[in-house]
There are 2 protein chains.
Amino acid sequence: MKPINVGLLGIGTVGGGTFTVLKRNEEEITRRAGRPIRITTVADKNLELARKVAGEGVRLTDDAFSVVTDPEIDIVVELIGGYGVARELVLKAIENGKHVVTANKALLAVHGNEIFSAAQKKGVMVAFEAAVAGGIPIIKALREGLTANRIQWLAGIINGTTNFILSEMRDKGLPFADVLKEAQALGYAEADPTFDIEGVDAAHKATIMSAIAFGIPMQFDKAYVEGITKLESADIEYAEQLGYRIKLLGIARKREAGVELRVHPTLIPTKRLIANVEGAMNAVLVQADAVGATLYYGKGAGAEPTASAVIADLVDITRLHTADPEHRVPHLAFQPDQVQDIAVLPIDEVETSYYLRMRVEDKPGVLADITRILADSEISIDAMIQKEPAEGEAQTDIIMLTHLTVERNANAAIARIESLPVVQGKVKRIRLENL
Amino acid sequence: MKPINVGLLGIGTVGGGTFTVLKRNEEEITRRAGRPIRITTVADKNLELARKVAGEGVRLTDDAFSVVTDPEIDIVVELIGGYGVARELVLKAIENGKHVVTANKALLAVHGNEIFSAAQKKGVMVAFEAAVAGGIPIIKALREGLTANRIQWLAGIINGTTNFILSEMRDKGLPFADVLKEAQALGYAEADPTFDIEGVDAAHKATIMSAIAFGIPMQFDKAYVEGITKLESADIEYAEQLGYRIKLLGIARKREAGVELRVHPTLIPTKRLIANVEGAMNAVLVQADAVGATLYYGKGAGAEPTASAVIADLVDITRLHTADPEHRVPHLAFQPDQVQDIAVLPIDEVETSYYLRMRVEDKPGVLADITRILADSEISIDAMIQKEPAEGEAQTDIIMLTHLTVERNANAAIARIESLPVVQGKVKRIRLENL
C-alpha cells in the first residue's frame, strides 16, 4: 500500500526520538499498520541539527508553513510547543485538510476547543496521546478503553519533575530548594522550572483529561493550580508518621453541581499503589462506575517514551483516515454535538479533607479551643499528633487530619484558628484525598 | 443513526453485567459511540433467568444458533465459555458475516488461530478485550497504545483467585488449603478451582497476550503451566525476609531463539509496584523498547468490570465496522500475513533466577559442597540465609537466591545437590524475576 507521508515540525528531543523510533522499528510498525509511515519532510529553525538527525532522503526546511500547506503531506506532527506559532501552524494544517498529531498540552488546554472545532469542520483528526503522561496510553484508555463507564474521578501524578523532587525530599530529608538544584543538574528540571513546579504543566494535562473523561470543553482558565514550592520537609515527615505520602496530583472529579479541576500537593494513604509511584514516573488512577478503579503507570516524559505515543497516534490515523468521520473516535471521546457545558467549580466549593499543622503555645485548653472551632464548622477530626515541646521551648506543633469538608468551610475555620492568641502565625494546610 | 443490534449468548454473571451497564449508561455510551447499541436478542438455556435480567422488549430464545444466523443481528456477544458449543457458535456467527465479541480466553487460546483466520476471510472482527484482565484495557494498550514499540516482555498477575490466595497466605500465615476454603466461601474461588489454582486460566491469558505482543500465533499447547498448590507458607516468609514477594505470574518474553511462555509462582522484589498488587486485583507490566516499562492495574474479574471491556469492544466495532477491513486494528495486532511463526521455547531453555530451599544436616562442609556444585554449573549466588538449627535438632534450612541461568542447568545442579548424603529430601525451587 502507498506510504503515509508525515511532515515533522520541530526536531528537538521528542522530534528526534520520533525519528529514531520510527526508523529503528520500521519493520515492526509496518507489520502492524499495514502500510509504511514515512517522515518525508522536517521543518526546524536549526537546519544543521535537522540534517544530523534526519539524514539523507528527507526534505529539510526552516519554513514550517511550507510543510502544513504541502499537498504531498498526509499528517503533520507538531512538536514545537507553546501557544504562538504552534497554534497558527496547527490551524493552517487543518485548513489544508491535514491530520495533526501533537504533544503540545499547553496548546490543547488553552486553544483545544478552537482547534477541535476547526478539525471537525474539515473532517480531519487531531491526535494527542503524547500530550498527557508521555508514553502511557492514557488518552486511549479514557477515550476508548473505558467507553462503557461513567467516569467519576481521576487523579494523576502527571509531572515527572515535581514527583522526582518530592521523592528526593522524602528520601533525603532535604529542603525544596536544594532538591530543585539537584533535579536541574540531573536534567529532571529545566533551567526555568516555573511551569513544572508551580503546577501549570500538570494543570494543562488535567484539563485535557477532564474534557475527555466527562465530555466537557477545555476549561484551563477555571482550573485551580497550586505547585510544590511552599512544601516543607517537616510536613512530608509528619505525613509519613500518619501513614500518608505527599504527591502533586492533578484531580478531576464530576459532582452534581459541576466539575472539580485542581492541581495541588495532596496527602494520599501510603498503602495506595499510586502513593508508591516514585522518581520521575507518572501514573493516573481512574475511578469509573462499571470497571471500578484502574491505574496506568509509566514514563511521563523523555524522547522515546513520548515518541511512542506520537507514533501510536500516527498508526491510529493511518488506520482511521479512510473511515467516514462520523465513525472515528471523537476528539473529546464524546460526539462533538454531545459535549456538555458543565462548569468547573471554584476552589471554594471543592470537597476534600485536610492536613493542618499549627504552631501553638503549650498551655492547657489550647487543643480544646481549636477542636471547638472545628466542631462549630462541622469539620470532624480523623487523626491527630500533638508533639511534646522541644527542651526549653514554650511552643509545639499540633497536626490534624480532617474528614471531608467544603473548602470554604475549612478556610473559615482556619481563619478563626489563626486568630486565637495561642496560635502562632499561619496554619499550614495541605489537601488530603483517600482515593 | 440506525442502532447496532446485538445478540447476547449466555446471560450469566458477565452477560447480566453487560445488560445492566449498557442500560444504566445508555446515554453516556450513545454520546460517545454516536449511535445506540442495543441488545435485541438473548439466548440462554435458562429462559426464566433471561426474562428476569433482560426484561421487556428483548427477544429471548434457548436456541443460540438461531441468534448467530439471524439477519437482524450485527454483533454476537459470546459469553457461554468453554471450547465446545462456544466454538461452533462463534464460527457460525462469522460464517454469517457477524462481528463477534467474546470474553472466552480458553476458546481463543486454544482455537484462536482457526477463529481469526475464519474472521479474516469473511472480513469481520472478533474482539476480546474482556478475555484478559477483565476491565483493564490491556489488549487495546498492547495492540494500539504500544504499537510503536518492540515489546520485549510482559509479566502479569492475571488471575484474581490465586492472587487473593497468595495475599491471604502471606498476611495470615495460613497454609494453602485453609485459604482456598476461605476463598471459596467468599466467592473468590469456584467450587472446582482447578483451572485457577493450577495456572491454566492464567496460561490462557498469557497465551493471548504473547500472540498480540509479538505477532505470533496462539500456542497454548506449548505454554509451561505450574500453579500454586505446592506453595508453602515457609517459602513466602523466607522470600519476605529476602525482600521478595511471591506472585503467580504469566510471563511472555521474546528472545533470539524464540518466545518464553510460562505461568508459575515467582519471586518479585517487594519494591516493584507489581509486587504490591494484592487481593483479587490484576496487573500487567509490559517492557517495550521505546516507552520502557508501563503497568496496567485494575479488577480482573466480576460482572461489571468484565462488562466494561465487552462494551468497549462493542463501541470499537460500531466505529470500525464501516471501515475497510485492511484499515481495522488486526486481530493479533500485526497484519494477518505478518504474523510470524516463532516457536515457544521448552521450559528447559528458559532463562530465569531461582529461589532454592534445602534441608541439610548441620555439619561443617555442607555449604561448601553445595556452593561447589553451583559453581561447577556456573550458577552464581545472589543472596543466602542459613538458619540456626532449632533447639535439639540436627538439621537446618539453607535458602539461596541465584543469578540468571538456564533452567536445564539449574535442574542438573539441583539433582546433584539432592544426591548429596547431607541433603534431606527434595530441594524446593521457585523461579525469581527481577522485572
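To find a chain, count down the sequence lines: A is the first, B the second, and so on, and within it residues start at 1.
- Judged by distance alone, with hydrogens and angles left aside, the side-chain atoms of B/Arg150 form a donor-acceptor pair with the main-chain N or O of A/Arg24 at under 3.5 Å.
- To the nearest 0.5 angstrom, A/Gln335 atom CD is 10.5 Å from B/Arg31 atom CZ.
- Listed options A/Gln338, A/His327, A/Lys299, A/Lys140 were ranked by heavy-atom pairs under 4.5 angstrom with chain B; first place goes to A/His327.
- Across A/Ala312 and B/Thr147, no two heavy atoms sit closer than the pair CA-CG2, 3.5 Å.
- Pairing each heavy atom of A/Asn149 with each of B/Ser308, the nearest pair is ND2-OG, 2.8 Å.
- Taking every heavy atom of both residues into account, A/Arg319 and B/Pro330 meet most closely at NH2-CD, 3.4 Å.
- The greatest number of non-hydrogen atom pairs below 4.5 Å with chain B, out of A/Ala141, A/Ala148, A/Pro137, is found for A/Ala148.
- By the 4.5 Å heavy-atom criterion applied to side chains, A/Asn276 and B/Asn276 are not counted as neighbours.
- Contact of B/Ala303 with chain A is not made at all, since no heavy-atom distance falls under 4.5 Å.
- Interface residue B/Gln340: backbone and side-chain heavy atoms are both found under 4.5 Å from chain A.
- For a residue to count as touching a neighbouring chain, one of its non-hydrogen atoms must lie under 4.5 Å from one of that chain's; by this rule B/Val286 does not touch chain A.
- Atom CD1 in B/Ile138 sits 9.5 Å away from atom OH in A/Tyr296 (nearest 0.5 Å).
- Using a 4.5 Å heavy-atom cutoff, the side chains of B/Leu320 and A/Leu320 are in contact.
- Per-residue counts of heavy-atom pairs under 4.5 Å with chain B were compared for A/Thr294, A/Leu273, A/Ile29; the largest is that of A/Leu273.
- Both the backbone and the side chain of A/Asp289 come within contact range of chain B, each with at least one heavy atom under 4.5 Å from a heavy atom of that chain.
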